[in-house]
Amino acid sequence: ERESMTIKYDRLMNVKPGAMPAVMEMGPKFPELSKKILGEEYAGGVKFYSRGMGPLNQVMWSWEVESMDEEMARNAKLQMSEEWNQMVAEFMPHVESSSIGDALWMQVSQTD
């Protein structure tokens, strides 16, 4: 029997100089609002990170899903929410346009 594949999303953003305090305040609110909007469709386990070594002007949200189709459906539902779009609009002035955005990782193996 084949193991179910895990897909890991990392959403990396480069923060503009001086904007880190605002980003650190707003960052955790995205998963909270996502949970409110999606309800039972919320995948859960979203983590918010601030870079500790290397370029210090980066933050990242990270989560795992089992299906690209489910993730696309959740994303579409979020984008239809006026409250979600308002928060995105308030957040975007704090990040650089050069941000990496979404990196997608497919699990190949695991050693326990």
Side-chain angles (χ1 to χ4, degrees):
E1 184 178 329
R2 187 168 172 246
E3 291 182 34
S4 64
M5 182 169 37
T6 302
I7 303 165
K8 183 174 177 277
Y9 278 84
D10 289 340
R11 180 164 293 157
L12 290 96
M13 296 291 186
N14 297 328
V15 179
K16 289 182 179 176
M20 191 59 92
V23 167
M24 293 301 290
E25 183 181 328
M26 294 178 76
K29 295 178 181 178
F30 280 94
E32 293 167 9
L33 182 56
S34 175
K35 188 173 185 176
K36 174 185 166 188
I37 294 167
L38 296 174
E40 291 184 13
E41 295 171 39
Y42 178 69
V46 177
K47 297 175 181 117
F48 179 62
Y49 297 90
S50 173
R51 184 122 178 211
M53 288 183 72
L56 298 180
N57 64 329
Q58 288 185 334
V59 294
M60 178 177 75
W61 294 263
S62 185
W63 65 100
E64 293 183 358
V65 297
E66 292 183 14
S67 160
M68 295 271 299
D69 291 339
E70 288 176 20
E71 179 62 18
M72 288 170 43
R74 283 190 283 266
N75 195 36
K77 188 171 182 178
L78 289 175
Q79 290 183 12
M80 290 189 310
S81 164
E82 190 173 321
E83 192 175 3
W84 180 263
N85 289 324
Q86 178 64 35
M87 190 157 71
V88 169
E90 290 173 17
F91 182 80
M92 291 311 291
H94 301 297
V95 298
E96 299 282 359
S97 60
S98 63
S99 293
I100 297 162
D102 289 355
L104 200 61
W105 302 88
M106 308 286 199
Q107 182 174 322
V108 176
S109 70
Q110 176 175 327
T111 304
D112 292 323

Using the side chain to side chain donor-acceptor pair (under 3.5 Å) rule, collect all pairs that involve residues 86-95, keeping only residues at least two apart or in two chains.
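For residues 86-95: Gln86-Glu90.
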
For residues 30-44, which residue pairs pass the side chain to side chain donor-acceptor pair (under 3.5 Å) check, not counting sequence neighbours?
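Listed once each, the pairs are Lys36-Glu83, Glu41-Lys77.
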
Say whether, by atom type as modelled, one donor and one acceptor occur between the side chain of Trp105 and the main chain of Glu64 under 3.5 angstrom.
no

Any donor-acceptor N/O pair, Lys16 side chain to Pro93 backbone, under 3.5 Å
yes

Expected list for residues 53-60: side-chain donor-acceptor pairs under 3.5 angstrom, two or more places apart:
residue	atom	partner	partner atom	Å
Gln58	OE1	Arg51	NH1	2.4
Gln58	NE2	Asn14	OD1	2.9

Is there a chain of hydrophobic side chains (I, L, V, M, F, W, Y, each step under 4.5 Å between heavy atoms) that links [X] to [Y]?
{"X": "Val65", "Y": "Leu38", "value": "yes"}
{"X": "Met24", "Y": "Leu33", "value": "yes"}
{"X": "Phe91", "Y": "Leu12", "value": "no"}
{"X": "Met72", "Y": "Val46", "value": "no"}
{"X": "Leu78", "Y": "Met92", "value": "yes"}

To the closest 0.5 Å, what do you measure between [atom1] ([X]) and [atom2] ([Y])?
{"X": "Glu71", "Y": "Ile7", "atom1": "CD", "atom2": "CD1", "result": "8.5 Å"}
{"X": "Ile100", "Y": "Met13", "atom1": "CD1", "atom2": "CE", "result": "10.0 Å"}
{"X": "Asp10", "Y": "Trp61", "atom1": "CG", "atom2": "CH2", "result": "12.0 Å"}

Residue pairs, two or more places apart or on separate chains, that pass ring-ring contact (aromatic ring centres under 6.0 Å, His included) and touch residues 67-86:
Phe30-Trp84

Is it the case that atom NZ in Lys47 sees more than 12 heavy atoms from other parts of the structure closer than 6.0 Å?
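Open: at most 12 neighbouring heavy atoms sit under 6.0 Å from NZ of Lys47.
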
Test of understanding: with salt bridge (charged side-chain N to carboxylate O under 4.0 Å, His left out), list the residues that count as partners of Lys29, not counting sequence neighbours.
Glu25

Which residues share a side-chain hydrogen bond (donor to acceptor under 3.5 Å, both in side chains) with Asn85, sequence neighbours left out
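Applying side-chain hydrogen bond (donor to acceptor under 3.5 Å, both in side chains) to Asn85 gives none.
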
For a quick test of reading the model, state the closest non-hydrogen atom pair linking [X] to [Y] and the distance between them.
{"X": "Pro31", "Y": "Pro28", "value": "CD-O, 3.3 Å"}
{"X": "Val15", "Y": "Met20", "value": "CG1-N, 3.6 Å"}
{"X": "Tyr49", "Y": "Ser62", "value": "CE1-CB, 3.7 Å"}

